[in-house]
There are 2 protein chains.
Amino acid sequence: MVTLADVAQHAGVSASTVSYVLSGKRTISALTRERVERSITELGYHPNAGARALASNRSNIIALMMPLRMDMYLPVMTEIAIAIATHARAHGFDVLMLTSEEGPEAVHRVVGSGLADAIILMDVELDDARLPLLRESGRPAVLIGLPATTTGLTCVDLDFTATGALCAEHLAGLGHREIAVIGEAPAVYERRTGFAERTIDGLRTRARALGLQVLHRPCEGNYAAMAGALAQIFSERPDVTGFVVQNETAVEPLLGLLRQHRRAVPEDISVVAICPEQVAVHASVRLTSVAIPARDMARHAVEQVVAKIEGRAGDEVVLLEPELTVRASSGPAPAPAA
Amino acid sequence: MVTLADVAQHAGVSASTVSYVLSGKRTISALTRERVERSITELGYHPNAGARALASNRSNIIALMMPLRMDMYLPVMTEIAIAIATHARAHGFDVLMLTSEEGPEAVHRVVGSGLADAIILMDVELDDARLPLLRESGRPAVLIGLPATTTGLTCVDLDFTATGALCAEHLAGLGHREIAVIGEAPAVYERRTGFAERTIDGLRTRARALGLQVLHRPCEGNYAAMAGALAQIFSERPDVTGFVVQNETAVEPLLGLLRQHRRAVPEDISVVAICPEQVAVHASVRLTSVAIPARDMARHAVEQVVAKIEGRAGDEVVLLEPELTVRASSGPAPAPAA
DNA sequence: GTGAAAGCGCTAACAG
DNA sequence: CTGTTAGCGCTTTCAC
């Protein structure tokens with residue numbers, strides 16, 4: 001193994017000089033710098049991560065705690081995770097993957113051992129068991145999601161309240177008077193993951209202001225569950241002309257079933273989805289949607305966490321503005337069947 | 001920060017004793033062990049990862065290189081990644097997430113710096129640019145997937161050749177004479193990811209032996225592409241009665257379109273999918289399928305890699321036996337339309 | 001602009 | 001069964 005000392009000897013300088021060439025923490029003459037750099041490449045030197053972590057008290061690793069749950073539409077989680085890894089690399093950090101299976105314990109382990117300089121938590125619940133540990137650990141942390149109390153924590157999330165409101169507005173603006181919301185699986189609400197509740201709250205509040213009737217149905221994302229929910233909605237509220245879907249896996253079942261019910265989209269029924277762009281664009285009907293900005297969330301999370309590691313940031317709540325893109329699935333409400 | 005020395009002092013023993021209590025590498029009297037363990041919990045001691053890595057030359061980290069590509073059905077990749085993380089933890093390892101964006105470079109960086117003790121590569125191509133680097137690095141590595149040459153490497157994968165054969169057999173056994181294969185997106189074949197080619201090869205070989213006609217169509221996983229492919233298949237080969245699908249995202253489009261074409265599944269058309277169990281079970285028709293054993297692959301990969309790190313294993317190619325589960329989407333071939 | 005040297009916290013001989 | 005001690009490879013004062 002090539003060590004820093006080897007490089008120093010090969011270049012005819014001291015160890016500290018090599019170190020400073022690497023870190024750029026003091027000015028080096030062009031000549032020495034060049035010599036050192038040549039030696040580095042010639043010898044194929046790679047600084048030892050462990051030694052560096054020990055001496056500098058920094059691992060240059062960010063831990064990312066991902067959910068295991070299968071009810072949390074994995075593609076979004078995955079996209080966020082990949083984007084986090086990519087951005088972290090751009091800041092010189094690697095990403096350590098933790099699963100929520102290990103539970104709050106993992107926070108201790110990783111942060112206590114200095115394995116990671118900071119933690120990013122995904123899929124945060126309103127009253128998350130990991131938060132007390134995090135706060136007392138004092139380590140930099142960023143949450144993706146919004147817990148009940150955010151004091152002492154930095155959080156990044158889509159503004160789901162505004163998202164719900166935006167959907168209500170869009171449908172009301174098109175003349176719809178009665179709409180149904182296909183929500184996440186019941187388990188998501190029971191777990192109190194926040195975003196689902198905030199969406200429906202935001203939607204209801206705005207709907208009330210706009211004189212829009214709202215029926216909310218949590219729903220598993222499969223054909224059978226969707227078929228049941230839909231049948232019930234149409235029997236209870238035959239005048240529903242608009243749907244808001246906040247469950248990516250329910251999108252296709254819904255569209256397929258509407259076809260079976262002989263309801264044309266958007267002529268008879270308008271559909272607005274809250275989902276990743278990709279799902280909206282590739283669905284059997286191009287969906288009017290509010291995008292879940294996975295990349296943006298990842299970018300903000302990494303920037304916040306890096307800023308905290310470097311001591312240049314405090315706690316902050318970053319709520320991303322929702323954007324609704326009109327596509328082929330929404331249109332004017334049909335004239336009431338005389 | 002609490003150090004090992006602090007614990008030693010508090011327990012009234014030497015540093016090495018504490019170290020050995022932790023590692024179990026030598027026998028310790030019950031009394032001392034207990035005293036040390038008490039001190040550890042009382043002081044809230046966590047061994048410093050960097051120091052440990054430096055002294056022991058082991059980081060207890062496994063690097064996992066994941067694909068970024070969006071054409072690679074992410075849920076399977078994610079499931080594998082999560083399962084790898086879980087199993088790795090069970091062996092005392094953490095998992096560092098690398099994206100393939102960094103390219104072969106990342107192999108150098110992570111392995112050269114001693115950041116990771118080993119690497120697991122996902123989404124390996126037949127002639128993968130990362131392999132030469134890996135081989136010469138000499139670090140333990142396991143591939144998920146099967147490259148063209150496996151010398152000096154351990155590989156874990158589903159036996160896709162056998163998988164293709166199994167699908168052909170199942171349909172032939174039901175009396176089908178002419179089948180179509182809906183393959184992965186063209187890009188997947190162009191990239192030469194191996195598994196797609198092996199599947200079709202295995203299927204063709206067995207089909208020939210069984211007197212089965214095969215039409216193969218690579219296909220993007222969306223409605224539009226699927227609609228085009230399907231129309232063409234039915235016009236070129238009106239007598240096709242069986243489909244094999246190896247593209248998870250094409251499953252629902254195919255089923256939806258078959259309905260639109262008024263072909264009943266399985267009465268008119270049988271469908272066999274090569275996909276994760278979850279997709280097969282939750283599809284609008286419960287699909288006869290060969291499962292992609294994400295968890296098993298992850299388990300084998302971790303076991304192999306840990307064995308290699310500990311020097312108790314050589315290179316090996318582990319091919320998992322495919323299993324076909326009959327569900328509602330396949331049945332006897334319809335009698336030829338007189 | 002550069003060197004020398006003191007650790008960082010832990011492991012693993014070596015010594016008893 | 002336990003203690004002593006010499007590093008592991010790097011960063012960072014302190015000194016020039």
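Keep in mind it's a predicted model, so treat the numbers as computed, not measured. Note on naming: letters A, B, ... go to the chains in the order of the sequence lines (proteins, then strands), and numbering restarts at 1 for each one. Computation of the quantities below employed the complete heavy-atom set of this structure, encompassing side-chain atoms and omitting hydrogens, waters and symmetry-equivalent molecules.
Put simply, CG on A:N57 is 12 Å from P on C:dC10, counting in whole angstrom units. C:dG9 atom C1' lies 19 Å from atom NE2 of B:H10, rounded to whole Å. One atom, CZ of B:R58, and another, C1' of D:dG9, lie 19 Å apart when rounded to the nearest Å. Taking atom CG of residue A:L54 and atom C1' of nucleotide C:dA6, one finds them 13 Å apart after rounding to whole Å. Between the OH atom of A:Y20 and the C1' atom of D:dT11 there is a distance of 7 Å, rounded to whole Å. Spacing between atom CG of A:N48 and atom C1' of D:dT11 amounts to 13 Å, rounded to whole angstrom units. Across the protein-nucleic acid pair, A:L22 atom CG and C:dT2 atom C1' stand 16 Å apart, rounded to whole Å. Taking atom CZ of B:R33 as the reference point, atom P of D:dC1 lies 10 Å away to the nearest angstrom.
When the side-chain nitrogen and oxygen atoms of A:S19 are compared with OP1 and OP2 of D:dT11, one or more of them lie within a distance under 4.0 Å. Contact annotation: B:K25 side-chain N/O to C:dA12 OP1/OP2 distance is under 4.0 Å. Between B:T32 and D:dT2 there is a side-chain N or O to OP1 or OP2 distance below 4.0 Å. Under 4.0 angstrom from either OP1 or OP2 of D:dT2 there lies no side-chain N or O belonging to B:T17. Look at A:S14 and you'll find a side-chain N or O under 4.0 angstrom from OP1 or OP2 of C:dG3. At least one side-chain nitrogen or oxygen of A:S29 sits closer than 4.0 Å to the OP1 or OP2 atom of C:dT2. For the OP1/OP2 pair of D:dC1 and a distance below 4.0 Å, the side-chain nitrogens and oxygens of B:T27 include at least one atom meeting the criterion. Taking 4.0 angstrom as the limit, A:R26 places none of its side-chain polar atoms (N or O) nearer than this to OP1 or OP2 of C:dT2. Here A:Y45 reaches the OP1 or OP2 of D:dC10: one of its side-chain N or O atoms lies under 4.0 Å away. Side-chain nitrogen and oxygen atoms of B:T3 include none within less than 4.0 Å of the OP1 or OP2 phosphate oxygen of C:dG9.
Among the atoms of the strands shown, only primed sugar atoms or phosphate atoms (P, OP1, OP2) are found under 4.0 Å from some heavy atom of A:V13. At a threshold of 4.0 angstrom between heavy atoms, the contacts of A:G12 are confined to the sugar-phosphate backbone, with no base atom among them. Heavy atoms of B:I28 sit under 4.0 angstrom from primed sugar atoms or phosphate atoms, though from no base atom.
Residue A:L31 is the one, among B:L4 and A:L31, whose nearest nucleotide of DNA chain C lies closer to the 5' end (criterion: closest heavy atom).
Contact annotation: the side chain of B:T86 approaches that of A:E101 to within less than 4.5 Å [non-hydrogen atoms, C-beta and beyond]. In this structure the side chain of B:H46 never reaches within 4.5 angstrom of the side chain of A:V111, judged on heavy atoms.
Considering only side-chain atoms of B:A51, the nucleotide from C:dG9, D:dC10, C:dG3 that sits closest is C:dG9. Among the nucleotides C:dG9, D:dG3, D:dG9, the one closest to the side chain of B:S16 is D:dG3.
If you check the side chains of A:T149 and A:T151, you find no donor sitting under 3.5 Å from an acceptor.
Side chain of A:S100 to backbone of A:G103: no donor-acceptor contact under 3.5 angstrom is found.
Using a cutoff of 4.0 Å between basic side-chain nitrogens and carboxylate oxygens, A:K308 and A:D117 are not scored as salt-bridged.
Heavy-atom contacts from other residues, nucleotides or ligands closer than 6.0 Å to CZ of B:R192 number 12 or fewer.
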